[in-house]
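Here the structure is laid out as structure tokens; the discussion comes afterwards.
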Number of protein chains: 2
Amino acid sequence: MDIIEYRNHDRILLAVDCIIFGFDGRKLQALCIKRGIDPEKGRWSLMGGFVDCNEDVDTAASRVLKQRTGLADIYMEQLYCFGDVRRDSAGRVVSIAYFSLINIEAYSEQLQDNHEARWFDLEKMPSLIFDHEQMVVIAKKRLREKVATHPIGFALLPEKFTLPQLQNLYEAIYESPLDKRNFARKILSLGILNKLTEKEKQSSRKGAFYYIFDKDKYSALEQEGLKFT
Amino acid sequence: MDIIEYRNHDRILLAVDCIIFGFDGRKLQALCIKRGIDPEKGRWSLMGGFVDCNEDVDTAASRVLKQRTGLADIYMEQLYCFGDVRRDSAGRVVSIAYFSLINIEAYSEQLQDNHEARWFDLEKMPSLIFDHEQMVVIAKKRLREKVATHPIGFALLPEKFTLPQLQNLYEAIYESPLDKRNFARKILSLGILNKLTEKEKQSSRKGAFYYIFDKDKYSALEQEGLKFT
DNA sequence: CCAAAAGTGTTCCATCTACACCCATGT
DNA sequence: ACATGGGTGTAGATGGAACACTTTTGG
């Protein structure tokens with residue numbers, strides 16, 4: 001199948017690893033899995049798997065995520081290629097890392113029955129295999145950069161969310177507190193949130209109004225490029 | 001060598017492709033090469049080559065650049081992994097794209113004798129093989145983002161450069177004109193340029209003072225993160 | 001009535017933008 | 001002397017940061 005000029009080159013195992021971020025309302029979390037194969041069997045790891053010869057790398061990332069967690073149709077973005085010779089102790093494996101954002105509650109059932117997967121608070125992560133800790137560091141950095149200019153953070157929240165919840169999310173991502181008046185003004189001034197009449201009443205006596213993200217209004221603005229926080 | 005769990009997975013040809021940006025004082029350029037192998041032999045291409053099993057992907061990128069252009073020790077940064085099944089018409093090849101910044105004049109000798117490589121104005125690029133045009137688009141975007149917060153643009157200029165030259169560079173990268181008073185104020189206020197007493201006299205009667213980039217002063221500031229333009 | 005979280009405006013300061021004239025010099 | 005590109009300052013607008021009190025309601 002391959003033509004002659006390609007024949008004499010090395011072929012390499014290609015993997016994908018997914019950093020899956022979740023948000024529990026207070027802290028950012030990452031989903032880890034107990035590794036089922038040697039080497040390092042039994043240690044914590046990101047969701048990983050190998051890329052097949054006849055599938056796109058992006059497709060492989062989605063497939064691996066689905067196989068390991070049951071999750072499908074979630075936000076995924078390529079992060080970085082990790083290609084050091086010795087990154088995997090058992091052989092040459094180049095890994096393309098992806099990161100995903102999901103709403104923990106909406107997917108908690110799929111995850112429950114499943115696959116030794118567990119959420120860890122980002123500040124209390126276990127030791128991970130290979131270079132997976134480095135992947136998490138880079139993913140956190142990328143998430144911070146991305147969320148400042150794109151409305152991807154909403155993927156971490158339920159469809160209906162309150163301003164305090166949204167602010168908690170940004171505070172968790174930036175790891176620093178925000179002024180609620182400035183935050184509300186800035187985020188509402190973008191005009192991409194729709195206020196509902198319904199209130200969330202669990203977390204306070206007074207209750208906080210729900211909002212939903214208006215994808216259409218955002219798309220209209222998207223062209224000129226915008227600032228979030 | 002590989003342990004049993006890794007044996008049954010596909011191995012894939014892994015390539016690197018480099019987008020090399022240069023600046024001639026007026027326009028941004030990219031270095032292209034006439035492809036020497038089939039398929040698509042004779043068409044214009046980015047600098048590419050295969051990753052060996054026993055070399056880091058980053059190392060492969062440097063090696064390929066060196067082999068194809070004679071250039072070494074230049075700014076290089078991983079861009080993106082292109083992994084669609086059909087991106088290469090002759091077989092499954094996943095490519096890790098890198099971009100580089102060089103000062104055209106400083107390397108013109110190495111390039112001259114060499115390798116059918118040629119500079120193209122970014123606005124007059126030839127048709128490129130495979131997905132290489134997409135790589136260039138993404139590289140331009142990344143360059144714009146990166147240059148706004150990191151002093152990598154200096155890699156495109158001679159060691160000594162004038163403010164008008166620097167401004168021309170930013171205008172070329174952003175594809176839009178800048179006000180020279182505002183530009184000078186902002187860039188000088190960062191305190192990372194050292195003014196020389198010498199002037200550049202080719203491009204004007206009056207002459208423009210040379211500056212050099214002060215890497216130490218920049219490193220000191222780097223922590224807090226800074227804005228360029 | 002009290003505790004706990006939601007909601008809401010204003011002032012100040014820093015930064016960005018727009019804008020025009022004089023300077024130095026080679027021909 | 002004049003043409004060419006280099007160098008400089010200011011005023012107005014904009015956006016971000018700091019800051020405190022009132023509202024609601026369940027217990």
Side-chain angles (χ1 to χ4, degrees), chain A residues 24-27 144 147-149 157-158 160-212 221 224-229, chain B residues 24-27 144 147-149 157-158 160-212 221 224-229:
Chain A
D24 69 358
R26 304 245 152 241
K27 300 275 191 179
R144 263 199 295 273
V147 89
T149 49
L157 294 172
K160 298 188 296 186
F161 52 86
T162 66
L163 285 187
Q165 286 168 356
L166 186 60
Q167 181 174 342
N168 283 342
L169 172 59
Y170 277 87
E171 290 177 332
I173 292 173
Y174 292 135
E175 294 173 358
S176 73
L178 300 171
D179 180 274
K180 65 178 172 176
R181 285 164 293 187
N182 293 337
F183 179 78
R185 184 177 15 187
K186 202 182 320 188
I187 206 82
L188 292 176
S189 74
L190 296 171
I192 58 173
L193 297 186
N194 291 332
K195 189 177 189 170
L196 305 184
T197 51
E198 187 187 359
K199 277 186 164 185
E200 187 275 337
K201 308 288 297 256
Q202 273 78 266
S203 46
S204 74
R205 306 284 156 89
K206 185 177 180 181
F209 283 105
Y210 278 119
Y211 289 80
I212 56 174
L221 291 173
E224 43 252 57
L226 75 176
K227 293 280 151 57
F228 267 66
T229 53
Chain B
D24 69 358
R26 305 243 151 244
K27 300 276 192 178
R144 262 199 295 276
V147 89
T149 49
L157 294 172
K160 298 188 298 187
F161 53 86
T162 66
L163 285 187
Q165 286 169 356
L166 186 60
Q167 183 175 340
N168 284 341
L169 172 60
Y170 277 87
E171 290 177 333
I173 292 173
Y174 292 136
E175 294 173 358
S176 73
L178 301 171
D179 180 273
K180 65 179 172 178
R181 287 163 292 189
N182 294 338
F183 179 79
R185 185 175 11 185
K186 202 182 318 188
I187 206 83
L188 292 175
S189 75
L190 295 171
I192 58 173
L193 296 186
N194 291 332
K195 189 177 190 170
L196 306 183
T197 52
E198 187 187 358
K199 278 185 165 186
E200 188 274 337
K201 308 286 297 257
Q202 273 78 264
S203 48
S204 74
R205 305 286 157 89
K206 184 176 180 181
F209 283 105
Y210 279 119
Y211 288 81
I212 56 175
L221 291 174
E224 43 252 56
L226 75 176
K227 293 279 150 61
F228 268 67
T229 54

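A note on names: the letters A, B, ... follow the listed sequences, proteins ahead of strands, and every chain is numbered from 1. Note that this is a predicted model, so its numbers are computed, not measured. All values below come from the heavy atoms of this structure, side chains included, with hydrogens, waters and symmetry mates left out.
Using a 4.5 Å heavy-atom cutoff, the side chains of A:Leu193 and A:Leu166 are in contact. No side-chain heavy atom of B:Phe228 sits less than 4.5 Å from a side-chain heavy atom of B:Val147.
Of the inter-residue distances, the one linking A:Lys160 atom NZ with A:Lys199 atom NZ reads 14.5 Å to the nearest 0.5 angstrom. Between atom CZ of residue A:Phe209 and atom CD of residue A:Glu198 there is a gap of 10.5 Å, rounded to the nearest 0.5 Å. Interatomic distance, CG of B:Leu163 versus OH of B:Tyr210, reported as 12.5 Å (0.5 Å rounding). Between A:Thr162 atom OG1 and A:Asn168 atom CG the span is 7.5 Å, to the nearest 0.5 Å. To the nearest 0.5 Å, the span separating CD on A:Glu200 from NZ on A:Lys206 amounts to 13.5 Å.
For A:Ala208 against A:Ser204, the heavy-atom pair with the smallest separation is N-OG, 4.4 Å.
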Just distance, no hydrogens or angles: give the donor-acceptor pairs under 3.5 Å from side chains in residues 184-192 of chain B, sequence neighbours left out.
unit_1, atom_1, unit_2, atom_2, d
B:Arg185, NH2, B:Asn182, OD1, 2.5
B:Ser189, OG, B:Arg185, O, 3.4
B:Ser189, OG, B:Lys186, O, 2.7

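Listed by residue number, the members of residues 177-186 of chain B with any heavy atom below 4.0 angstrom from DNA chain D are B:Lys180, B:Arg181, B:Arg185.
Here A:Arg205 pairs with nothing under the salt bridge (Lys or Arg N to Asp or Glu O under 4.0 Å) rule; sequence neighbours left out.
A residue-by-residue look at B:Lys206 and B:Lys201 shows that B:Lys206 has its nearest nucleotide of DNA chain C further toward the 5' end. When each of A:Gly207 and B:Ser204 is assigned the nucleotide of DNA chain D bearing its nearest heavy atom, the one mapping closer to the 5' terminus is B:Ser204.
Here the range on DNA chain D touched by chain A, meaning any atom under 4.0 Å from one of its heavy atoms, is D:dA17 to D:dG26. The nucleotide range of DNA chain C contacted by chain B, defined by atoms under 4.0 angstrom from heavy atoms of the protein and reported 5' to 3', is C:dT17 to C:dG26.
Put simply, the side chain of B:Gln167 gets close to the backbone of B:Leu178: a donor and an acceptor are under 3.5 Å apart.
In this structure, B:Lys195 forms no cation-pi arrangement with B:Tyr211, as its terminal cationic atom is not both closer than 6.0 Å to the ring centre and no more than 45° off the ring axis.
Sparse packing is recorded around CZ of B:Arg26, with 12 or fewer heavy atoms of other residues, nucleotides or ligands lying under 6.0 Å away.
Residue contacts for A:Thr162: at a heavy-atom cut-off of 4.0 Å it reaches no nucleic acid atom on any strand shown.
The overall bend of the helix from C:dC1-D:dG27 to C:dT27-D:dA1, read as the angle between its terminal helix axes built from five base pairs each, is 10° when rounded to 10 degrees.
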